[in-house]
Amino acid sequence: MDRRTALSAGAGLLCVARQALSMPPAPPRVVFLNPGEPVERGKGPQWRMTARFMADAARTFGMQLEVLFAERDHLLMLRQAESVAQRSNPPDYVVIVNEKLTAPQMLEMFADTPVKILLIHNDLTPEQRRLVGNERERFRQWIGTATTDEVRTEYRLMEELCRQLGDHEPRVIGITGDRGTPVSMERAQGVSDFIAHTGRGEILQLAFGDWSEADGEVKASVLLSRYPQANILWAANDSMALGAMRAVKARGARVLVGGTGAWPDALTSMAEGGLAASVGSHFFIGAWAMVLLHDYHHGVDFARQGGPSQKLDYMYVVNRDNARHYDQAVYKRDEALDFSVYSKVRHPKAGGYDFKLAPLVRKR
């Protein structure tokens, strides 16, 4: 090969190298280890809705998404995690939930793999963080955590219920989830904070539940018998709230019932004069996870926009006045929701991520 030919070949290789550097990365492959059920079994649509909007976000960004449902069986979820970790061609990212406090075990499973982990919805407890550390420390592949501000969420629910209560002092009974789910305690804390900060009323009793409608009805019947003076009943999800609503109607009690989730059945109940309010949109956490992963994959690290652990405040209070609009905007719209408006790759701007729902639910 003469010098001219060699120079020409070198220039060609340099051009190919430049093109390779300018090419966008391949679409990321994401697996979501979903702790919930693919069909309704009495505990509400939280995890199915999470997967649905996650899929919408994946289509928005051209990402590949695989969802594995664990049927509310944390041992099955661990087996699924182990199977994914052992794949010969593992995904780029795995999204996990600290269901039944299992996240540290899953982090261990992926420790020797190239898979990057994003934790959503249920954060590690303080004790778990003392043992395993924080994001990007001992487990370098654990790139981040995205959770909702559950304390603030339930605080807002209490604000709305007390607004509807008017001048009466709130006498509150509540049903939260199981003790092994961190958000159960955080939601209860939000109610306690409201009473403490406003100096209004009192919490008569808090009961733990199993997230189901049937259990909500049973727990509410007991609480209403014990505290006939109660005028507010809140529940940590809409399934338990709807069950509690049946107990309220059966007793003819004058009690405002509020739920958490803003699920379709809750909106129907509001329209029929049942539930007074619900605060929700938790299921968007999966879509926000896809936004963060899309941007991270394309070189915009969310850790520089608020840290590797993101506490997101985007909850939407739904009442009898705006339930119909929320239903149309979120559940019954003809086209898929466009999540690209939240991406800093698509729409660069300074500051942290703003996942407020206004762009999705604004009146049209």
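Residues: numbered from 1 along the sequence shown. If you're wondering where the values come from, they're calculated on a predicted model, not measured in any experiment.
- For Gln229 (side chain) and Arg171 (main-chain N/O), no donor-acceptor pair under 3.5 Å exists by modelled atom type.
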Query raised in the report: What's the verdict on salt bridge (Lys or Arg N to Asp or Glu O under 4.0 Å) for Glu159 and Arg156, showing C-alpha distance, side-chain angles and the deciding distance?
Result: CA-CA 5 Å; Glu159 282 183 321; Arg156 284 179 178 158; 5.5 Å; no
Query raised in the report: Does the salt bridge (Lys or Arg N to Asp or Glu O under 4.0 Å) test come out yes or no for Arg79 and Glu82, once each step is laid out?
Result: CA-CA 5 Å; Arg79 293 195 297 273; Glu82 185 176 28; over 6 Å; no
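- Although no hydrogens or angles enter the test, the distance criterion places a donor-acceptor pair under 3.5 Å between the side chain of Asp149 and the main chain of Arg152.
- When ring centroids are compared, Trp288 and Tyr342 come within the 6.0 Å threshold.
- For the pair Lys344 and Tyr353, the distance from NZ or CZ to the six-membered ring centre is under 6.0 Å and the angle to the ring normal is within 45 degrees.
- By the 30° and 60° cut-offs, the orientation of the rings of Tyr326 relative to Tyr331 is perpendicular.
- Ring orientation note: the planes of Phe339 and Phe53 are nearly perpendicular, at an angle over 60° on the 30°/60° scale.
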Requested in this report: Please report the C-alpha distance between Glu66 and Arg29 in whole Å, then the side-chain angles of each, then the deciding distance to 0.1 Å, and finally whether the salt bridge (Lys or Arg N to Asp or Glu O under 4.0 Å) criterion is met.
Outcome: CA-CA 8 Å; Glu66 176 185 359; Arg29 294 173 298 125; over 6 Å; no
Query - Candidate pair Asp210 and Arg72, rule salt bridge (Lys or Arg N to Asp or Glu O under 4.0 Å), full reasoning - result: CA-CA 11 Å; Asp210 71 358; Arg72 294 189 179 271; over 6 Å; no
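- Comment: Arg320 does not engage Glu272 in a salt bridge, judged by the lack of any side-chain N to carboxylate O separation of less than 4.0 angstrom.
- Not one N or O on the side chain of Lys311 forms a donor-acceptor pair closer than 3.5 Å with the backbone of Ala146.
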